[in-house]
Every structure is written in structure tokens, then in C-alpha cells.
Colleague: 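Can you read through this structure? Questions will come right after.
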Amino acid sequence: MQTISLIRGTRFQKEDVVFEIQKETLPGHFIIKNLAENKEITMDQSELIALYGKGIIRFEVTGSSTQLMELGLRENRIIDFSMLPDDHKEIARTRYHAIQPFLSESRKNIQPKLEHRVKELKLEGVNIEPLTLRRWLYTFLDSGQDITSLVPNTLQRGTGTRLSPEIEMVIDHCIDNVYAKRERITAKDLHAKVLVEIDKKNRFREERDKMELPSYNTITRRIKDRDPHQMMEKREGEKYAFDKLGSVAVLQKPKQPFDVLEIDHTKMDLFVVDDETGLPLGRPWLTLAVDKMTGAIAGIYVAFHSPSYVSVMKCLLHAMTPKTYVKELYPDIKNEWNMFGVPKVLRMDNGKEFQSRSLKDTCAQLGIIPDYCPPRKPWYKGTVERTFRTMNQQLFHKTPGTTFSNVMQKRITTQKKTQLWVTILF
């Protein structure tokens with residue numbers, strides 16, 4: 001999947017006909033050519049968005065990972081990045097990590113920065129040339145920031161071998177007890193320590209049962225998979241980690257909508273009752289995606305099951321797709337819900353549902369930067385937390401069936417129940 005720009009030359013398919021945007025006459029108004037009949041029509045942005053939201057039209061995608069279809073429209077060869085073999089995904093992630101610092105940079109005078117980045121990557125065990133890094137960057141940008149463009153074309157080669165769970169346990173143990181310490185040993189020292197630990201275990205094993213020795217690149221990848229703030233906090237101290245990775249994220253104000261989207265869950269202070277039977281169904285969970293700049297709600301998902309990867313993805317899907325159906329279903333509403341698009345940064349806490357590899361792959365495929373809040377610091381995503389509080393105070397607590405958030409707010413109800421029990425007993 002990739003982002004789409006409504007500019008000259010953009011093509012889309014409606015039923016079996018291909019259309020192409022010719023030019024923009026006024027802001028949000030386009031002249032569009034029917035390529036089958038060679039006729040021109042006019043459409044505005046709201047019409048295109050509504051048709052796209054309903055799945056009536058499909059936009060053409062670009063990039064090296066596309067193929068030409070029968071109607072002359074290009075589409076992705078790789079539909080779902082998460083379904084690729086692990087080694088192909090790992091190569092794409094490595095390339096994405098290499099070019100990530102340049103995604104918000106201008107292409108002008110980029111050569112010195114590329115050379116500096118190559119030196120940084122060399123210290124991480126990735127040896128490439130500036131020309132290769134430039135090619136990866138331009139391929140990714142020209143494809144609409146689709147990570148599938150970074151997947152190598154040699155998809156038929158061998159899949160390699162995986163490390164056994166025993167080796168993974170040794171690596172994790174060494175990272176936790178040796179690398180994540182204030183002594184700040186290097187990745188090379190950690191690699192040597194892992195080899196020593198495995199060699200000790202191999203001394204008491206037969207030849208066929210001996211564990212393989214992991215490479216240096218494997219160790220550096222395991223370090224990158226850890227939470228960067230937690231690792232820096234353990235190695236450098238909490239204040240240093242906050243100054244380096246925390247304060248900028250808190251103080252920097254987004255410049256436009258969908259620069260930063262905050263997402264979180266809460267159990268609603270409301271009991272839902274079945275209309276027909278009158279039986280209580282329970283308190284549902286609410287997942288919200290809130291735009292940091294405007295404070296507007298971008299996406300909602302309500303369910304009775306506990307927060308999960310499904311909750312996150314359903315909420316993100318709602319946040320990114322047009323919501324033209326609201327005016328159609330509720331014509332009395334005056335304003336439109338014009339909140340949709342792909343966020344640049346997705347800010348979230350360290351819950352298990354946010355740490356899944358599938359979510360990280362989705363962010364990479366959409367060009368979204370995942371931003372994890374430091375532990376026990378909920379104010380990093382204060383916008384969504386404040387939205388929860390506002391909804392509770394101004395909506396849920398004024399609705400029949402509400403249940404308050406804490407004991408102090410329940411004191412009146414509790415006193416009445418106590419008096420009732422005293423009357424029954426005595």
C-alpha cells in the first residue's frame with residue numbers, strides 16, 4: 001500500500017474504465033480525461049474522496065515493485081508485506097532503517113549527508129556505498145513511500161537458516177545482563193560475549209547437537225529490535241535518555257494535521273444494556289486515534305473484547321479512510337468529518353498490541369514512523385488522554401448507565417447501597 005497524490009498524471013480505475021487527471025483548474029477541482037472514450041469531465045476532490053472511500057475507484061500505484069495490468073494500470077506485485085518470507089522482510093527493514101533519516105529531507109545537497117550516513121551504518125555492520133543508499137531512497141520516495149519497493153527482486157533465492165530458541169535465549173540474556181548496563185560495552189564486545197557463552201554450552205554437547213555461532217550482524221539486529229529509549233535509559237541514565245529521545249518529542253509541535261497521530265484504549269465509563277432483553281452487556285473498550293495538532297478525533301473503534309492488534313488496525317483503518325458516509329447516514333449533522341489520511345508519526349505506549357511485528361510492518365509499508373512513549377510517562381500522548389477525560393466528563397458521565405472512574409466519584413451511590421443493606425439486616 002502507498003500514499004496517493006491528486007496531481008497531474010495520476011490515474012484511477014472506475015469499473016472497467018481508466019481515467020487520468022489532466023490539470024487542477026481551481027484548488028480541489030480537476031479536469032479528468034476518460035482514456036477509453038477520449039473525453040474530459042470535471043470532478044472535485046470531495047467527489048474523488050467519496051468514491052475512493054466507497055471502493056468504487058482504485059488509484060494506480062507506482063514504483064519498481066509494480067506490474068502492468070490489462071487495462072494499462074499498474075498495481076503492486078506484492079500486496080501484503082507481512083506475508084513475505086522473513087529474510088525478504090528483514091532486507092527491506094534494513095534498507096528502510098538506512099534511509100529513514102532522509103525521509104523528511106530535501107533532495108538538494110544531499111550527497112554529504114549520504115556519505116555521513118554510510119559511515120554511521122558501517123559502525124552498525126551495514127557496508128554500502130552512497131550511490132546504493134541514494135538509489136534505495138529515491139526508489140522508496142518515488143513509490144509513494146511503500147516499503148515493498150525495497151524488497152529485492154531476487155525472491156527465489158534460499159531462505160537461509162534460523163537461530164534456535166536456545167541461541168536466542170543466550171543472546172537475550174547477554175543483552176539484558178551485559179549490554180544494557182552503565183559500563184556501555186560495544187556491540188563487538190557483546191558479540192564476543194555471546195560466542196563465549198555458546199562455546200561453554202557446546203563443550204558438553206555432541207558434534208551434531210552443537211549450537212551454531214551467530215554472526216555480528218545478527219547481534220546488532222537483536223539490539224535494534226529492543227526499545228531504544230529503554231536501552232539508552234539503562235546504559236546512559238534516565239535523564240540522558242529523556243534529553244536525547246524524550247524532550248524533543250514532547251516539545252515539538254506538529255506543523256500540520258496528521259503529522260502526529262496519538263492512539264490508545266480505555267474502558268468506557270458506561271454499561272451497555274440490550275434493548276430487547278434488558279440484560280447488561282458490559283463495559284465496552286474504546287480505541288481512539290487523535291490528531292496531535294488539531295485535537296480532533298481521527299478514528300474510533302468500539303468493542304467488548306480486550307485491546308488487541310485487531311483494535312489498533314480497525315481504529316487506524318477508520319482514521320485513514322474518508323468518512324463521507326456520516327453525512328449520508330445522519331443528514332441533520334451540519335459539519336463534515338474531514339479527518340482522513342496517512343499519519344507521518346504514530347505515537348503509542350508500550351502495550352503488547354502496539355509491539356507486534358505485524359503493526360511495525362504495516363507502519364513500514366505505509367511510511368509511518370512508530371513513536372513509542374517512555375514507560376510510565378503517559379503525558380507523552382497527552383492529547384488522546386485528555387480526549388478520554390473530556391468524553392467521560394461531558395458525555396459518558398451524563399448518560400444513563402454510567403459508572404464513574406474512581407471510588408470518590410461513586411461515593412453517593414455507595415452510601416445509598418450501604419443504607420439499603422443496613423435496612424435489610426436490621
Side-chain angles (χ1 to χ4, degrees), residues 86-87 89-101 116-128 160-205 210-249 347-352 354-361 363-364 369-377 380:
D86 288 340
D87 58 340
K89 291 192 291 185
E90 190 62 36
I91 293 173
R93 293 190 195 108
T94 301
R95 294 178 177 181
Y96 178 78
H97 170 72
I99 66 174
Q100 192 171 2
H116 178 71
R117 180 59 176 162
V118 166
K119 294 179 181 178
E120 292 180 342
L121 293 171
K122 190 173 183 180
L123 296 177
E124 298 177 7
V126 180
N127 295 313
I128 58 172
T161 59
R162 291 186 177 182
L163 298 180
S164 67
E166 292 177 290
I167 300 177
E168 294 286 1
M169 290 179 61
V170 173
I171 295 175
D172 288 340
H173 176 79
C174 290
I175 292 177
D176 292 332
N177 296 279
V178 179
Y179 185 78
K181 296 294 182 181
R182 296 302 293 269
E183 288 76 14
R184 301 195 294 274
I185 69 169
T186 64
K188 289 186 177 180
D189 293 333
L190 174 63
H191 181 227
K193 177 64 176 176
V194 171
L195 297 183
V196 170
E197 293 297 321
I198 293 178
D199 185 62
K200 289 180 181 178
K201 295 180 180 295
N202 282 339
R203 292 177 185 177
F204 304 98
R205 293 170 175 256
K210 288 186 177 181
M211 293 187 289
E212 298 179 5
L213 299 178
S215 65
Y216 172 74
N217 289 342
T218 300
I219 301 301
T220 58
R221 284 196 296 269
R222 295 301 183 273
I223 295 175
K224 292 176 190 175
D225 289 340
R226 295 299 186 93
D227 182 80
H229 187 275
Q230 291 182 356
M231 295 302 295
M232 186 174 289
E233 195 174 66
K234 292 178 180 179
R235 286 169 60 86
E236 307 285 352
E238 184 175 356
K239 184 179 184 305
Y240 183 87
F242 179 83
D243 293 339
K244 275 292 192 182
L245 301 179
S247 58
V248 175
R347 186 164 296 161
M348 45 201 162
D349 57 32
N350 293 275
K352 291 183 179 180
F354 297 120
Q355 294 286 352
S356 67
R357 173 59 70 183
S358 297
L359 177 59
K360 294 178 181 178
D361 288 343
C363 289
I369 301 174
D371 181 20
Y372 291 99
C373 303
R376 298 180 298 278
K377 291 182 175 63
Y380 271 68

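Everything numeric in this text was worked out from a predicted model, so none of it was measured. As a basis for the values below, the full set of heavy atoms in this structure was taken, side chains included, without hydrogen atoms, waters or symmetry mates.
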Colleague: Heavy atoms only: give me the nearest H191-S215 pair and the separation to one decimal.
Modeller: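 Closest approach of H191 to S215, heavy atoms only: NE2-C, 3.5 Å.
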Colleague: Any chance you could measure C174, atom SG, to I219, atom CD1, to the nearest 0.5 Å?
Modeller: 8.0 Å
Colleague: Give me the atom names and distance for the closest heavy-atom approach of M231 to I175.
Modeller: CE-CG2, 4.0 Å
Colleague: Checking R117 side chain against A98 main chain: does a donor-acceptor pair fall under 3.5 Å?
Modeller: yes
Colleague: Heavy-atom count around K122 NZ within 6.0 Å, excluding the residue itself: above 12?
Modeller: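 No - once you tally the heavy atoms of other residues, nucleotides and ligands closer than 6.0 Å, there are 12 at most.
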Colleague: Do E183 and R235 have side-chain heavy atoms sitting under 4.5 Å apart?
Modeller: no
Colleague: Do any N or O atoms from the side chain of R184 and from the backbone of Y179 form a donor-acceptor pair under 3.5 angstrom?
Modeller: no
Colleague: Could you tell me which non-hydrogen atom of A364 sits nearest to which non-hydrogen atom of Y96, and how far apart they are?
Modeller: O-CE1, 4.5 Å
Colleague: Any ion pair linking K234 and D176 (charged N to carboxylate O, less than 4.0 Å)?
Modeller: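 So D176 does not pair with K234 through a salt bridge.
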Colleague: Go through it in stages, so that I can follow the logic: the residues are R95 and I99, the test is side chain to side chain contact (heavy atoms under 4.5 Å, CB included), and I'd like the CA-CA distance, side-chain angles, deciding distance and then a yes or no.
Modeller: CA-CA 6 Å; R95 294 178 177 181; I99 66 174; 5.8 Å; no
Colleague: State, with a plain yes or no, whether a side-chain heavy atom of Y372 is found less than 4.5 Å away from one of D349.
Modeller: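 Heavy-atom side-chain distance check fails, nothing below 4.5 Å.
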Colleague: If we ignore angles and hydrogens, is there a donor and acceptor under 3.5 Å between the side chains of H97 and E124?
Modeller: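 There is such a pair (donor and acceptor under 3.5 Å, judged by atom type) between the side chains of H97 and E124.
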Colleague: If you measure from OG1 on T218 to CD on E212, what distance do you get to the nearest 0.5 Å?
Modeller: 10.0 Å
Colleague: Within a strict 4.5 Å, meaning less than it, do heavy atoms of the L195 and P214 side chains meet?
Modeller: yes
Colleague: Could you check if a side-chain atom of D199 sits within less than 4.5 angstrom of a side-chain atom of L213, using non-hydrogen atoms only?
Modeller: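 No. Closest side-chain heavy atoms not under 4.5 Å.
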Colleague: Determine, step by step, whether M348 and L359 satisfy the side chain to side chain contact (heavy atoms under 4.5 Å, CB included) criterion, reporting the C-alpha distance in whole Å, the side-chain angles of both residues, the deciding distance to 0.1 Å, and the verdict.
Modeller: CA-CA 12 Å; M348 45 201 162; L359 177 59; 4.0 Å; yes
Colleague: State, yes or no, whether a side-chain contact exists between I369 and C363 at a heavy-atom distance under 4.5 Å.
Modeller: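 Side chain of I369 against side chain of C363, heavy atoms only: no contact under 4.5 Å found.
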Colleague: Do D189 and T186 meet the criterion of a side-chain donor-acceptor pair at a distance under 3.5 Å?
Modeller: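 Checked: D189/T186 side chains pair up, N/O donor to acceptor below 3.5 Å.
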Colleague: Do I128 and V126 have side-chain heavy atoms sitting under 4.5 Å apart?
Modeller: yes
Colleague: Is it true that K201 and E197 make a salt bridge, defined as a side-chain N closer than 4.0 Å to a carboxylate O?
Modeller: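 Salt bridge flag = no for E197 with K201.
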Colleague: Using only atom types and a distance under 3.5 Å, with no angle test, would you say the side chain of R222 pairs donor to acceptor with the backbone of I171?
Modeller: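 No, because the side chain of R222 does not come within donor-acceptor range (under 3.5 Å) of the backbone of I171.
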Colleague: Considering only NZ, NE, NH1 and NH2 on the basic side and carboxylate oxygens on the acidic side, decide whether R182 and E236 come within less than 4.0 Å.
Modeller: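 Salt bridge absent between R182 and E236.
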Colleague: Taking the side chain as C-beta and beyond, is there a heavy-atom pair between R93 and K89 under 4.5 Å?
Modeller: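 Answer yes - side chains close enough.
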